[in-house]
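A, B, ... follow the sequence lines: proteins, then strands. Residue 1 opens every chain.
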There are 2 protein chains.
Amino acid sequence: MTDTARDIADRTPPQRYGSRPTMKDVAARAGVGLKTVSRVVNGEPGVTPDTEHRVQEAITALGFRRNDSARILRKGRTASVGLVLEDLADPFYGPLSRAVEEVARAHGALLINGSSAEDPVREQELVLALCARRVDGLVVIPAGDDHRYLAPEMAAGVATVFVDRPAGRIDADAVLSDSFGGARDAVSHLIAHGHRRIGFLGDQPGIHTAAERLRGYHAAMAAAGLPVHDGWLSLGPTDPERVRGAAAAMLDAAEPVTALFAGNNRVTVTVVRVLAERPAPAAPVALVGFDDFELADLLSPGITVVAQDSAQLGGTAAGLLFRRLDGAGGAPRRVVLPTRLITRGSGELSPPPLS
Amino acid sequence: MTDTARDIADRTPPQRYGSRPTMKDVAARAGVGLKTVSRVVNGEPGVTPDTEHRVQEAITALGFRRNDSARILRKGRTASVGLVLEDLADPFYGPLSRAVEEVARAHGALLINGSSAEDPVREQELVLALCARRVDGLVVIPAGDDHRYLAPEMAAGVATVFVDRPAGRIDADAVLSDSFGGARDAVSHLIAHGHRRIGFLGDQPGIHTAAERLRGYHAAMAAAGLPVHDGWLSLGPTDPERVRGAAAAMLDAAEPVTALFAGNNRVTVTVVRVLAERPAPAAPVALVGFDDFELADLLSPGITVVAQDSAQLGGTAAGLLFRRLDGAGGAPRRVVLPTRLITRGSGELSPPPLS
DNA sequence: CCTGCCGCTGACAACGTTGTCCAGCAGCTA
DNA sequence: TAGCTGCTGGACAACGTTGTCAGCGGCAGG
């Protein structure tokens with residue numbers, strides 16, 4: 001073997017495609033023991049500078065990278081948390097997810113996330129898959145209303161915090177927005193501006209926030225002594241088709257609503273579209289939406305909304321999660337974050353004079 | 001020991017808080033061998049219905065869940081892919097991330113993602129952390145411009161696809177939008193409507209897409225034989241403060257621009273705000289933005305944009321990734337997806353008559 | 001010169017799972 | 001009844017890492 005050939009053989013990592021060098025390989029190349037490599041990799045004390053140098057050299061030469069799967073198996077902690085939400089593409093969840101990620105990062109953890117697509121079965125699959133990966137903790141925006149399947153996991157030490165909606169049939173930490181209060185404020189605002197016939201376009205009634213917002217709507221109407229007609233309520237999927245139809249029905253009724261309260265950001269946007277497409281009525285229809293959204297202030301009129309800070313929701317939940325992981329005990333907590341009515345014009349439009 | 005006591009002892013999982021039952025525990029309880037439990041858990045054939053039933057019972061009684069860390073260690077595949085992007089909270093990346101997730105899900109893989117916050121160091125940390133977890137593949141929206149650090153990982157079999165921007169100093173698959181063509185079309189559109197002094201507000205020039213869009217701008221101007229003044233170009237961070245200042249400078253110059261081309265969605269939104277806040281000029285300033293955004297059509301005027309489908313970008317990249325994971329070989333591919341000019345009014349405004 | 005200690009190093013087991021391989025057993029044929 | 005086949009079940013090693021512990025050399029103190 002020529003010098004050159006030996007040189008190359010020396011430098012070429014003895015790995016097949018797809019198999020990586022291990023600490024054993026590094027140890028062999030550096031002429032040291034396995035544990036010494038481990039010590040160097042983890043910055044543990046008790047290694048001569050000379051030895052450390054030889055090991056470092058072998059590491060870079062072989063392109064070694066510690067296998068965290070093995071490490072996790074050995075140590076029992078994965079330094080990762082799971083986030084299950086409805087749809088990452090929804091602008092409401094992006095900031096929430098990012099906030100959770102930032103907190104996780106501050107604690108040296110990675111974030112694994114999945115979208116449930118509002119399907120309870122898929123939610124459960126995802127959650128259990130994450131548990132099988134032994135995530136240290138879970139942040140869940142539930143799609144289903146029965147989370148008893150999580151009991152064994154939580155008993156085994158998987159910290160879990162629910163966000164936006166509480167857990168079903170199980171006692172667990174939860175961080176929520178004040179849906180009831182926010183909705184009540186929104187509807188009261190419309191009433192204060194003279195509206196009497198107010199429609200509510202909301203999400204499926206099985207969803208906790210939708211139910212709470214409906215409750216807030218009823219509370220505000222009742223407080224003002226106003227009746228509520230069946231035709232003013234429409235709860236269901238928030239796809240544009242259904243919402244368009246429901247809005248049209250309310251606006252085209254014999255006694256049409258003069259104001260609309262939209263139950264979440266997707267609904268609000270659809271309603272804005274519907275109102276923009278219809279021929280301008282004598283008196284414009286007022287609108288308040290739940291959830292703020294970008295550019296709401298630049299439409300004309302600006303859209304009055306009940307704002308909830310999704311990033312704060314996520315950050316609070318993640319903070320609570322890591323406090324639990326750090327050993328904080330005590331009964332499950334329920335944190336309710338306030339909402340804020342932001343008036344921009346669309347909620348202040350006056351109804352037509354009483355006939 | 002009474003019967004009742006034994007009964008309870010029998011049923012109570014022998015686990016401390018935080019430690020979970022293993023297949024060994026299940027096997028002991030069911031009175032079978034370890035491997036038999038493994039067979040049942042994985043649905044492998046060769047187990048009597050009776051035995052299987054006993055095992056299943058032990059599993060539910062103990063709350064056993066397979067430890068995927070150990071499984072991964074043994075099998076070598078993690079069934080997970082990593083996604084590194086700039087900021088999950090940006091509406092451009094939400095759909096992209098979701099699209100990647102859907103493809104991963106279709107292949108039975110989980111998605112682990114992280115935000116680089118446009119910081120090359122953080123990008124590298126994230127990517128390497130994901131590699132240490134032995135993700136099967138990576139989808140990367142690069143923040144840095146040197147990805148040689150990925151070479152050993154890719155050589156070791158980590159499939160990697162870059163999205164939105166190509167890899168730096170390394171040869172790798174990439175899925176891009178036609179930034180150059182889109183920008184050229186946008187600026188040509190403004191020129192076709194009579195504009196001669198057109199400003200470009202873009203992202204930092206180090207970012208590939210920003211450079212390409214700038215190139216497109218220059219190409220369109222050159223094709224029309226128009227000069228470009230230094231004051232019409234502003235590339236830098238896309239925080240609202242800087243963009244506001246830059247836009248104001250262009251609009252307040254001695255010879256102000258009559259049209260603006262905004263380099264991405266964040267810039268566009270800021271520019272819309274700036275234009276809305278300024279006293280209406282004699283002739284309104286025209287605007288075309290890169291990236292479509294929700295409600296662009298409902299502003300008045302509607303905002304003309306160069307649309308790129310971020311979901312398609314993500315889906316295409318993920319598809320390519322899994323094709324690689326399924327063994328597709330060949331040289332690194334570069335896929336360029338077309339953009340689409342959507343005219344809505346803001347780009348069709350006429351410039352003031354020539355003085 | 002011996003003892004004891006300290007700093008460094010490496011051998012070994014363990015984490016929980018899966019792949020390999022072999023043993024046991026029932027049912028069949030010769 | 002012996003031998004063969006086919007099926008079920010289990011013992012064992014291995015994946016790559018980390019924690020435990022013991023060995024080895026040198027050095028200071030007795």
Side-chain angles (χ1 to χ4, degrees), chain A residues 14-16 18-55 58-59 62-79 129 131-134 136 156-157, chain B residues 13-16 18-56 58-59 62-79 129 131-134 136 156-157:
Chain A
Q15 45 177 307
R16 308 179 302 288
S19 93
R20 310 199 49 149
T22 71
M23 285 191 178
K24 203 164 146 191
D25 301 324
V26 175
R29 183 178 170 116
V32 301
L34 185 53
K35 182 65 220 223
T36 300
V37 177
S38 173
R39 272 191 270 264
V40 171
V41 169
N42 293 294
E44 288 171 26
V47 180
T48 317
D50 175 53
T51 309
E52 176 173 349
H53 183 253
R54 281 215 317 285
V55 172
I59 287 179
L62 295 176
F64 167 79
R65 185 165 313 286
R66 182 178 64 198
N67 185 330
D68 273 357
S69 292
R71 176 170 221 253
I72 285 166
L73 176 60
R74 187 64 230 263
K75 306 203 77 159
R77 280 265 154 148
T78 60
C131 287
R133 303 252 166 157
R134 295 291 187 273
D136 296 332
Chain B
Q15 44 175 308
R16 308 177 303 288
S19 93
R20 311 200 49 152
T22 70
M23 284 193 179
K24 205 165 145 189
D25 301 325
V26 175
R29 181 175 171 117
V32 302
L34 185 54
K35 184 65 223 238
T36 301
V37 177
S38 173
R39 273 193 268 263
V40 171
V41 169
N42 294 294
E44 289 170 25
V47 181
T48 317
D50 175 55
T51 308
E52 175 172 352
H53 184 251
R54 283 214 316 287
V55 171
Q56 285 291 7
I59 286 178
L62 295 175
F64 167 79
R65 184 163 314 286
R66 182 178 62 198
N67 185 330
D68 273 357
S69 292
R71 177 170 221 252
I72 285 166
L73 176 60
R74 187 61 229 265
K75 305 203 78 159
R77 280 264 154 148
T78 60
C131 288
R133 302 249 166 162
R134 295 292 188 271
D136 296 333

Check whether any side-chain N or O of A/T48 sits under 3.5 Å from a backbone N or O of A/D50 as a donor-acceptor pair, and report yes or no. no
Separation of D/dT18 atom P from A/L73 atom CG, nearest Å, is 11 Å
D/dG10, C/dG10, D/dG16: which one has an atom nearest the side-chain heavy atoms of A/R39? C/dG10
Looking at A/E44, is its backbone amide N or carbonyl O close enough to the side chain of A/R39 to form a donor-acceptor pair, meaning the two atoms are under 3.5 Å apart? no
Check the distance between C/dT9's P and A/H53's NE2 and give it to me in whole angstrom. 15 Å
For the pair made of CZ in A/R134 and C1' in C/dC15, what is the distance, rounded to whole Å? 12 Å
Heavy-atom check, side chain of B/R133 versus side chain of A/I72, under 4.5 Å: yes
To the nearest Å, how far apart are B/L62 CG and C/dG16 P? 14 Å
In residues 42-52 of chain A, which residues come under 4.0 Å of DNA chain C by heavy atom? A/G46, A/V47, A/T48, A/T51
Once you round it to whole Å, what is the distance between P of D/dT8 and CG of B/L34? 19 Å
A/R71/A/V41 under side chain to side chain contact (heavy atoms under 4.5 Å, CB included): CA gap, chis, key distance, verdict: CA-CA 12 Å; A/R71 176 170 221 253; A/V41 169; over 6 Å; no
Heavy-atom side-chain contact between B/R54 and B/T36 under 4.5 Å: no
Donor-acceptor under 3.5 Å (A/N67 side chain, A/S69 main chain): yes
Interatomic distance, B/I72 CD1 vs D/dA14 P [rounded to whole Å]: 22 Å
Spacing between B/K24 atom NZ and D/dC12 atom C1', to the nearest angstrom: 13 Å
Salt bridge check, B/R29 against B/D25: does any charged N sit closer than 4.0 Å to a carboxylate O? no
Can you check whether B/T36 has a side-chain N or O nearer than 4.0 Å to OP1 or OP2 of D/dG10? yes
Take atom CG of A/D25 and atom C1' of D/dC15, then tell me their distance rounded to the nearest Å. 13 Å
Under 4.0 Å between any heavy atoms, over every strand shown, what does B/R66 touch: base, sugar-phosphate, or nothing? Just pick one. sugar-phosphate
Are A/R71 and C/dC15 close enough that a side-chain N or O sits under 4.0 Å from OP1 or OP2? no
Ignoring backbone atoms, establish whether A/K75 has a side-chain N or O less than 4.0 Å from OP1 or OP2 of D/dG19. yes
